[in-house]
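In this chain, numbering begins with 1 at the start of the sequence shown.
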Amino acid sequence: MNQQKSFFETNKATWNTKVKVHAKSEMYDIEAFKNGKSSLMLYELKALGDVSGKSLLHLQCHFGQDTLSWSRLGAKCTGVDLSDEGIKLAKQLNAELNLDAEFVCCNVLDTSEFVKDEFDIVFTSYGVIGWLPDLKPWGQMISERLKQGGTFFMAEFHPIVWMFDYLEEKPIMTYGYMQDDVIYEEYEGTYANENSKMISKEYAWNHGLGEVVTALTEAGLHIEYLKEYDESPYDVLPDLIKTDAGMYVTKDKLYPLIFTLKAMKV
């Protein structure tokens, strides 16, 4: 367990540095966001519909753009993230935009220790579960924080995507779909700015779709749907091609890039 703590501490330090780089990046376009642009993608907007008046917990919120986008749509939001720099910036944006979101800095697995409310919606998206060694406590925490009849929604990069090592010129299938061992990577730059001189040191874990579904159903959630898509709203992998619809696809579309899952606490 102490080893896992050191993994989380390394990841936290990396994310604290990422926040500073990402806040200045074109991908996160903070000025456009301040001027009213939503950071939310079609998948989550369509899945959750009208959130006005609903309470929403956003897990692993980075520096809060999605949280605040939901807030602009009328939800009463709480965002949680491991990075204190991320939470600090999220609070600054919340104040500057005169919104009413709350932000809490903690490991997402410890959310129930820091957030006691129950929510209509729990939301998480894009590059989140890979930072967690075990999804069972994650599923349990989601169930604890959802009201009876509440909705959980996630949009996430597909497990097949995480089987590749992208640090070389051509992606190489390196990691197991159901690999238990931790994956360590150290590289220059970050997905939002590959030219940054920051050094990313990251510990991550692979989780197959079966593990995701089982963690949620064992915690008392009913899966409404699990959908897979061969396109991504983010250009975060090498050599993706932009479609007319503004999505990104691999040249040959041999495997899915993201999945979405919607569940209800029964």
>> Taking the cut-offs as 6.0 angstrom to the six-membered ring centre and 45 degrees off its axis, would you call Lys18 and Trp15 a cation-pi pair?
In response: yes
> Will you find, in the side chains of Ser200 and Thr14, an N or O donor that is under 3.5 Å from an N or O acceptor?
Replying inline: no
> Is Asn206 reaching over with its side chain to a backbone N or O of Gln179, donor-acceptor style, under 3.5 angstrom?
Replying inline: no
>> Do Lys37 and Phe33 form a cation-pi contact, if we require the NZ or CZ to be under 6.0 Å from the six-membered ring centre and within 45 degrees of the ring's axis?
In response: no
> If you take all heavy atoms of Ala23 and Ile30, which pair is closest and at what distance?
Replying inline: O-CG2, 3.6 Å
>> With ring-ring contact (aromatic ring centres under 6.0 Å, His included) as the rule and sequence neighbours excluded, what pairs involving residues 240-266 come up?
In response: Phe164-Tyr255
> Do you know which of Trp205, Tyr175, Tyr203 makes ring-ring contact (aromatic ring centres under 6.0 Å, His included) with Tyr184?
Replying inline: Tyr203
> Who are the side-chain hydrogen bond (donor to acceptor under 3.5 Å, both in side chains) partners of Glu228, not counting sequence neighbours?
Replying inline: His158
> Distance-only, no hydrogens or angles: does the Ser6 side chain make a donor-acceptor pair with backbone N or O of Gln3 under 3.5 Å?
Replying inline: yes
> How far apart are the closest heavy atoms of Leu257 and Val161, and which atoms are they?
Replying inline: O-CG2, 3.6 Å
>> Phe63: which residues meet the ring-ring contact (aromatic ring centres under 6.0 Å, His included) condition with it, sequence neighbours left out?
In response: Tyr28
> Is there a donor-acceptor pair closer than 3.5 Å between any side-chain N or O of His58 and the backbone N or O of Trp70?
Replying inline: no
> Can you list the other members of the hydrophobic cluster that holds Val249, where links are side-chain heavy atoms under 4.5 angstrom apart?
Replying inline: Ile241
Would you list the atom pairs, donor with acceptor, under 3.5 Å between side chains in residues 139-147 and any protein atom, with sequence neighbours excluded?
from	atom 1	to	atom 2	distance (Å)
Ser143	OG	Ala219	O	2.8
Glu144	OE1	Ser112	OG	2.6
Arg145	NE	Val115	O	3.2
Arg145	NE	Asp117	O	2.8
Arg145	NH1	Ser112	OG	2.8
Arg145	NH2	Lys116	O	2.9
Arg145	NH2	Asp117	O	3.3
Lys147	NZ	Asp120	OD1	3.3

> In chain order, what residues pass the ring-ring contact (aromatic ring centres under 6.0 Å, His included) check against Tyr229, with sequence neighbours excluded?
Replying inline: Tyr43
> Stepwise, does the salt bridge (charged side-chain N to carboxylate O under 4.0 Å, His left out) test hold for Glu31 with Lys34?
Replying inline: CA-CA 5 Å; Glu31 286 310 310; Lys34 286 180 181 178; 3.7 Å; yes
